[in-house]
Amino acid sequence: MTPEIRLTEAPAHLRHGSNIGQPLTRRDGILKVTGRAPYAADQHPPKMLFAVLAVSTIARGRVTFLDVAAAKKHPGVIEVMTPRYKPTLAQDPDAKADPFTFRLDLLQDERVRYANQPIAVVIAQTLEAATEGAGLLAPKYETLPARVGLDAGESFVPPAVGVGGQAVVEHGDVEAGLATAAKAIDATYETPPQYHNPMEPHAIVAAWDGDTLSVDTPSQGLAMAQARIAGLFGIPPENIHIRSPFLGGGFGCKGFISGPQILGIMAARLVNRPVKLVLRREQMYGPVGHRAPTRQRLRVGADNAGLLTALEHRAKTWSSTFDDFFEPAADASHTLYASPAIRTAHEAVRVDSGTPLFMRAPGEASGSIALESAIDEMAWACGIDPLEFRIRNDAKVEPMTGRPFSSKALRGCYARGAERFGWAGRPLSPRQMRDDAGFLVGWGMGTATFPALMFQGNARAVVRADGRGVVETGAHDMGQGAWTALAQIAADSLGLDLERVEFRAGTSDLPDAGIAGGSTHTATAGTAIHNAGAAVIAKLADLATRDDRSPLFGAGNAGVIARDGRLFRRDDETRSESYADILARAALVEIEASGTGAANPAALAQYAMHAHGAVFAEVKVDPDLGQIRVSRMVGAFAAGRIINPKLVRSQLLGGMIWGMSFALHEEAVVDRHSGRVMNANLAEYHVPVNADVPAMDVMTVEEHDPHVNALGIKGVGEIGITGSAGAVANAVWHATGVRVRRFPIRIEELMTAR
Ligand code: MOS
């Protein structure tokens, strides 16, 4: 194994002397590795009690009995919260104000709608007593048959998929395109349910003081969490203070505050003491979201020149019986490949599971493995190298909208990645390569794409009389490095050294930074910071250039530039003045301004915005046993301006590992009788460990996209998964000649296919 992971030799836009572009080590790293970074569950306020969930062992029915008396008799148990004994809520947890208010199970009644649904909360002096007490509840149920799997019931067309996307989208005549095709494929791919499994489970420490609430909990969306709590408890959002400085991973499951977190707040209200509630690993397989499985049918046509004539992508998925979230898997076909006819369509069934939710690259991850497999199959049918086939069918404009996008950057990814990998030596046919040990060797590739989105966020910047800066935004660091990358932007925005800027984030009293999701956080919060800093500099410039005692007086149209805590006349840099002097003369202790980050609607109307990449994988397969090992992967990505190459590499690397995991490891197995996930633990829910992860080579390809936002930032949190899963799957085919269309790829599928 080669531990060396190289980034591009010349990271995009490395501006020497500035903070942006520097590969800084994460600033919170030492705190984390020394155990001093306070996570939510580390909090222990005075008089705190422990709450433990009791969860249902059935997937559908009613709780008919709980032995509350036995639990309450247990030494140390203080209270047992049940549907019959709980604080009153101001809002029905099943009320649906908008598509992003998800229904929660807050003990509103005795109904059970999925396995691991909370059915009671035991509150005790110690964790052990609460755990024992929960065990003593010995629930009895009236059990109904669980509806499980993609064929569980009537299928229907969802009202919307993903974030308000249309379930069916058509462009051109797919049937005509298929009818005239020289080559056609019609293949069905299946992806399994997956669970987020962040290292840190959902946890909360809640403390009430009258109608004021203090909360420590991991969150990818502080303002949304605050609003949801406010609604449920009928208190103003400003009465709720949430601290979320560090997350042990999120991946989407901490985007919305979950039912169990709210139950922790309810428990604290019930006993009028601070309460800690931490989910056990298996309790995360139900009430906090998951990636729903898909069955995807792709019908693809191509002409004799190897150009697509039609692309149809149909995806079936599931949601819960009581709420709507639909994995937009087919939408992956909207972006990459030019075809005169494209149709994407979604359908769904309802099953007795918790409501699925956003999970890293929701839609794109599931859709990409099917699309990239189908493209690979079509390239083979046409007798064309899969890279050449992709380049030939590369969309110069977004096929569904006609808006141009950065296809040049994608071609750069293809070229750089292929060169680094040595793709040119690849035999077209499968089963052509063996290594010295006799293992079958295969090479596969996949194209990566993820939209470059922004939400809305705000920041506040201050320059103080001593010339130092403060930048505040309620941003979230779930491990991606926001503490560092956003601080780099903050320092540059104020023209200060990183050491001279205090960067504050991670609490709900700071300006709302939007959501750490959709790979948008650096773009959104970063743009807000950039604008806040620029506004402070403009105010300073105003003070100086209008004051005839300043060396900058009259700079007027020439303007000033900010650097190292000073403003310089742009046309004469010998004339400058420090921030401290400007403020002192104006008798100000500080100067402050706010900034907002949001997408520019005019640019959105004109351009399609995506990050791109190309991933190449080599696998080795034991010809006798079918065992698969990924031996190396190369990923080349173009994602606009790279704020911190070290953190970006880490994000892309993590995504690629997840993609590999998608192809080979991850699957939640649902028991078709009980409706329970049978492998709800990290021993049997397979995620890659170090031994599974080979040499990974991550490159960024320089890209300047002036349209996405002021700094040219595109996200990198999710794109690494897309392309990577397909690359591994295609490499398995190339090694073995066996096309496995059900993921994760299993040894037995390779064995039985021979
Ligand atoms: Mo991610 S699924 O956008 O947190």
Side-chain angles (χ1 to χ4, degrees), residues 99-100 102 161-165 191 193-202 217-225 228 244 246-258 261 284 288-292 294 317 319 325-329 331-332 354-369 448-457 474-482 485 506 513-526 599 609-611 639 647 650-652 654-655 657-659 661-662 666 713-722 724-725:
F100 302 111
F102 287 94
V161 297
V163 186
T191 66
Q194 296 180 346
Y195 282 77
H196 303 77
N197 280 307
M199 273 200 290
E200 177 205 30
H202 293 67
T217 202
S219 170
Q220 295 174 240
L222 283 165
M224 285 195 315
R228 185 72 164 124
S244 193
F246 301 106
L247 281 76
F251 314 121
C253 70
K254 293 167 183 167
F256 302 95
I257 194 156
S258 68
Q261 288 162 293
M284 296 181 68
V288 296
H290 65 283
R291 193 198 300 281
T294 66
T317 186
S319 190
F325 179 83
F326 302 99
E327 182 85 4
D331 290 358
T355 305
L357 198 63
F358 303 93
M359 179 163 156
R360 203 173 186 183
E364 288 85 1
S366 315
S368 162
I369 194 169
T449 183
F450 197 81
L453 303 170
M454 288 177 78
F455 295 123
Q456 185 153 333
H476 319 77
D477 194 329
M478 44 182 169
Q480 82 276 37
I515 306 156
S519 301
T520 63
H521 209 36
T522 312
T524 306
M609 298 177 184
H610 301 274
L647 296 170
S650 174
Q651 284 291 290
L652 295 170
I657 293 169
W658 201 324
S661 177
F662 201 120
E666 279 186 65
I713 301 168
K714 297 179 174 183
V716 293
E718 296 169 274
I719 187 172
I721 302 180
T722 71
S724 298

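Numbering of ligands and ligand atoms starts at 1, following listing order. Just so it is clear, the structure is predicted and the values come from calculations on it, not from any experiment.
- The protein heavy atom nearest to atom 1 (Mo) of ligand 1 is Glu718 OE2, 3.6 Å.
- In terms of the ring-ring contact (aromatic ring centres under 6.0 Å, His included) criterion, residue partners of Phe326 (sequence neighbours excluded) are, by chain and number, Phe156.
- If you check each of Arg360, Met478, His196, Arg291 against atom 2 (S) of ligand 1, the one with the closest non-hydrogen atom is Arg360.
- Between Arg291 and Glu666, none of the side-chain N atoms (NZ, or NE/NH1/NH2) sits under 4.0 Å from a carboxylate O, so this pair counts as no salt bridge.
- Which parts of ligand 1 touch Gly518 is read off a 4.0 Å heavy-atom cut-off, strictly below it: atoms 1 (Mo), 3 (O).
- Residue-ligand proximity, Gln220 to ligand 1, at heavy-atom distances under 4.0 Å covers atoms 4 (O).
- You'll find the side chain of Gln194 reaches within 4.5 Å of the side chain of Met359, heavy atoms only.
- Ligand 1 is never approached by Lys254 to a heavy-atom distance shorter than 4.0 Å.
- For ligand 1, the polar-atom distance check finds an N/O of Gly252 within less than 3.5 Å of one of the ligand's N/O atoms.
- The minimum heavy-atom distance between Leu222 and Ser244, with the atom names listed, is CD2-CB, 3.8 Å.
- With respect to Lys254, the side chain to side chain donor-acceptor pair (under 3.5 Å) criterion is satisfied by exactly one of Glu200, His202, Gln261, His476: Glu200.
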